[in-house]
2 protein chains.
Amino acid sequence: MRLEDVAKRAKVSIATVSRVVNSVGPVKNSTRARVLKAITELKYHPNIHARSLAGGKSRTLGMIVSNLENPFFLDIFRALESDAHRRGYEVLVANTDYRARQLVSSVHLMMGRRLAGLAVIVSEMEPSLIQELTESNLPIVFYDVGTPARNISNIKVRYEKGMQRVVEYLYSVGHRRMAFVGHHISLEPLLDRKKSFLDTMKRYAGEVEHATVADCDGPVGGQQATRQLLASGFKPTAIICVNDFMALGVVRELREHGLEVPRDVSVTGYDNISLSEYAFPPLTTVNIPREMIGHLAFSALVPEHEDAQVRGREFLIDPELVIRESTGPPPKN
Amino acid sequence: MRLEDVAKRAKVSIATVSRVVNSVGPVKNSTRARVLKAITELKYHPNIHARSLAGGKSRTLGMIVSNLENPFFLDIFRALESDAHRRGYEVLVANTDYRARQLVSSVHLMMGRRLAGLAVIVSEMEPSLIQELTESNLPIVFYDVGTPARNISNIKVRYEKGMQRVVEYLYSVGHRRMAFVGHHISLEPLLDRKKSFLDTMKRYAGEVEHATVADCDGPVGGQQATRQLLASGFKPTAIICVNDFMALGVVRELREHGLEVPRDVSVTGYDNISLSEYAFPPLTTVNIPREMIGHLAFSALVPEHEDAQVRGREFLIDPELVIRESTGPPPKN
DNA sequence: TTGAAAGCGGTACCAA
DNA sequence: TTGGTACCGCTTTCAA
């Protein structure tokens, strides 16, 4: 089914059908009706490729994330997609599993699609790729990396603020031995998160003992990391996780070792994903407003009005501590 | 950047560049090298739209799911995508949130993309849409609905088998008051799941009291449903959930009411998503092999060899009971 | 208010 | 081994 088939059936030219399909230009009512009828009868669906090739533009946005399995990313995606749909855009997602090579190929595939904009919410960005993207003409929004430019916007969360709040809180209730559980430490932004922890620890130098471990993202990673930690002999009274998703596994593994949370060990997450509330015990965490991030991303990619231009902006977000039941004072002994 | 730019730079025709890009046809080594060089220098990325328009085919698969948030669907997607990547295909996902209208529009968008194949893993299928899809030429694989046809394959899980196993098991350890928690009962396949429960109950007619409730999918839905259930006055000793994702909320709400799992109430999930193991207590559930489903879906859409044809097939899966710690004998009194 | 026709950036066939 | 070129299905002037 092509425009031509519809045109024949409605006895008009393909130009007219195109006008009807896109609701542009003048079309006599009776003609429009005939065309619409033909479209339904023939079950015509415009070829999206021909369309964006001819039109030179598309109403498709792209989004690349590191780990769709982690609800953190999914929440951002859903907010972005909902804005997009409201404005007649679609969103294509790509998942990298924290692999830099996969990111490169995803980016290139996205570029081949001639998108209207691209959101890159990943931790494995390499400078050369940022460079390439900056030189392109595609409107882009980065999360946590890069700097604003003509076509580049940035959304940043002051991760270290949240980390400080977590540590201050744990310290205030009496913890003096803390451990940090991270993942993919080889990646800059994730290394920065670990550094946030270490920097915060410096304030308590001499007072608080600490350690760090890392594995892969997710419950399995949290579990493995905890196993390593306990095997190392260090006995933290509080474990600070880089995100909620890993914390799920940490709690599980502690329980396996007969340690109760928070009686024996306190555990904190980060992100405040919905699951953190459904975990047992519900996790103390730091809220990162994922919906807002999704909305900001959309606004950074698509101009308010059809004619307007996007221009690089920077958004800074301060995360907040959310105290639930996975933390408490350390055991007495 | 277009083929023409590369061609000019390498001083060859666009036909030659096309050959190099696609590694087809004979090209002298020295020429290929020149072209490759030009491609890198110009950062050329083929326009996917032009490509699939001209080629008439695409190496893109589509997948439509009801709820990406539920890890069940994500697991299938990941398996499908991994096969796809291995064979040089990409996968586009669309999410419907169980909305039939959204499904229709997603399907139409997918049709406009002239995909190589489409996996439809949703519960909100309407007969007319199945009909339309069956009449199309697109290779399609359905989960849980439809019947095989020329271009249609089906993957079905004998849901009722799993349900029987769950109920038999609960009965055997002594439960005589059971409740079923479902969602979106207005949708055929989900109503069928509830019916599986009711049918199984018939075997125990007179012996086992039962009730059913429903809300939306996910922890929140499970929580709400449980609230309704408890408010109704019915006091089940076991709650059977339509899936693990809802069970998470059920356990949470029971705890809120001072009921301990499994001491006071046993809870079962369904699907065996990874989270079911990380929940507390780890959920007794029914395993649905999501990876296998993803792989089957791929094999149903893409023929083994380039020249082969796909043809409709049917796959039947028998789910297995997985007993963990969220179930046990009912309280004595 | 409508139609004709020139692209959009590729693919693939046919000639050279 | 290479180049020329007729499409692919649609958008968008420009004329009628």
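Naming: A, B, ... by sequence-line order, numbering from 1 per chain.
When each of D:dT11, C:dG10, D:dT2 is scored by its nearest atom to the side-chain atoms of B:P26, the top-ranked nucleotide is D:dT2. When each of C:dG9, D:dT11, D:dG3 is scored by its nearest atom to the side-chain atoms of A:L3, the top-ranked nucleotide is D:dT11.
Within the 4.0 Å cut-off from OP1 or OP2 of C:dG3, at least one side-chain nitrogen or oxygen of A:T16 is found. OP1 or OP2 of C:dG9 sits under 4.0 Å from a side-chain N or O of B:R2.
Checked against salt bridge (charged side-chain N to carboxylate O under 4.0 Å, His left out), B:E314 has the following partners two or more places apart in sequence or in another chain: B:K156. With sequence neighbours left out, the side-chain hydrogen bond (donor to acceptor under 3.5 Å, both in side chains) criterion links A:S52 to B:H49. Listed by chain and number, the residues in a salt bridge (charged side-chain N to carboxylate O under 4.0 Å, His left out) with A:E135 are B:K43 (sequence neighbours excluded). Qualifying side-chain hydrogen bond (donor to acceptor under 3.5 Å, both in side chains) partners for A:S299, counting only residues two or more places apart in sequence or in other chains: none. For the side-chain hydrogen bond (donor to acceptor under 3.5 Å, both in side chains) test, no residue two or more places apart in sequence or in another chain qualifies with B:H85. Not counting sequence neighbours, the partners of A:R9 by the salt bridge (charged side-chain N to carboxylate O under 4.0 Å, His left out) test are A:E41. Every residue was checked against the salt bridge (charged side-chain N to carboxylate O under 4.0 Å, His left out) condition with A:R32, not counting sequence neighbours, and none meets it.
Rounding to whole angstrom units, CG of residue B:L53 and P of C:dG7 are separated by 17 Å. The distance from atom NE2 of A:H49 to atom C1' of C:dT11 is 14 Å, rounded to the nearest whole Å. Between A:R59 atom CZ and D:dC10 atom C1' there is a gap of 17 Å when expressed in whole angstrom units. The NE2 atom of B:H45 sits 15 Å away from the P atom of C:dG9 (whole-angstrom rounding). One can place CD of A:E4 at 15 Å from C1' of D:dT11, the figure rounded to the nearest angstrom. Following rounding to the nearest Å, A:I48 (CD1) and D:dC10 (P) show an atom-to-atom distance of 12 Å. Atom NZ of A:K8 and atom C1' of D:dG9 are 13 Å apart (whole Å). Whole-Å rounding puts the B:D5 CG to C:dC8 C1' distance at 13 Å.
For the residue pair A:N70 / A:D217, a side-chain donor-acceptor distance below 3.5 Å is found, with atom types taken as modelled. A donor-acceptor pair shorter than 3.5 Å can be found between the side chains of A:N137 and A:R150.
Across the helix from C:dT1-D:dA16 to C:dA16-D:dT1, the helix axis at one end is tilted relative to the axis at the other end by 40° (nearest 10 degrees, each axis from five pairs).
For residues 92-138 of chain B, the set of pairs meeting the ring pair (Phe, Tyr, Trp, His ring centres under 6.0 Å) definition, not counting sequence neighbours, comprises A:H45-B:H108, B:Y98-B:H183, B:Y98-B:H184.
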Restricting both atoms to N or O, compile the protein contacts to nucleotides 12-16 of chain D shorter than 3.5 Å, with distance only.
residue : atom : partner : partner atom : Å
D:dT12  : OP1  : A:K57   : NZ           : 3.4

Review item, side-chain donor-acceptor pairs of residues 109-117 of chain B, under 3.5 Å, at least two apart:
residue : atom : partner : partner atom : Å
B:R113  : NH2  : A:E90   : OE1          : 3.1
B:R113  : NH2  : A:E90   : OE2          : 2.8
B:R114  : NH1  : B:M111  : O            : 2.9

Evaluate the side chain to side chain donor-acceptor pair (under 3.5 Å) criterion for residues B:S128 and B:E132: first the C-alpha distance (whole Å), next the side-chain angles of each, then the deciding distance (0.1 Å), finally the verdict. CA-CA 6 Å; B:S128 64; B:E132 185 180 341; over 6 Å; no

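The stretch residues 27-44 of chain A touches DNA chain C through A:V27, A:K28, A:T31, each having a heavy atom within less than 4.0 Å of the strand.
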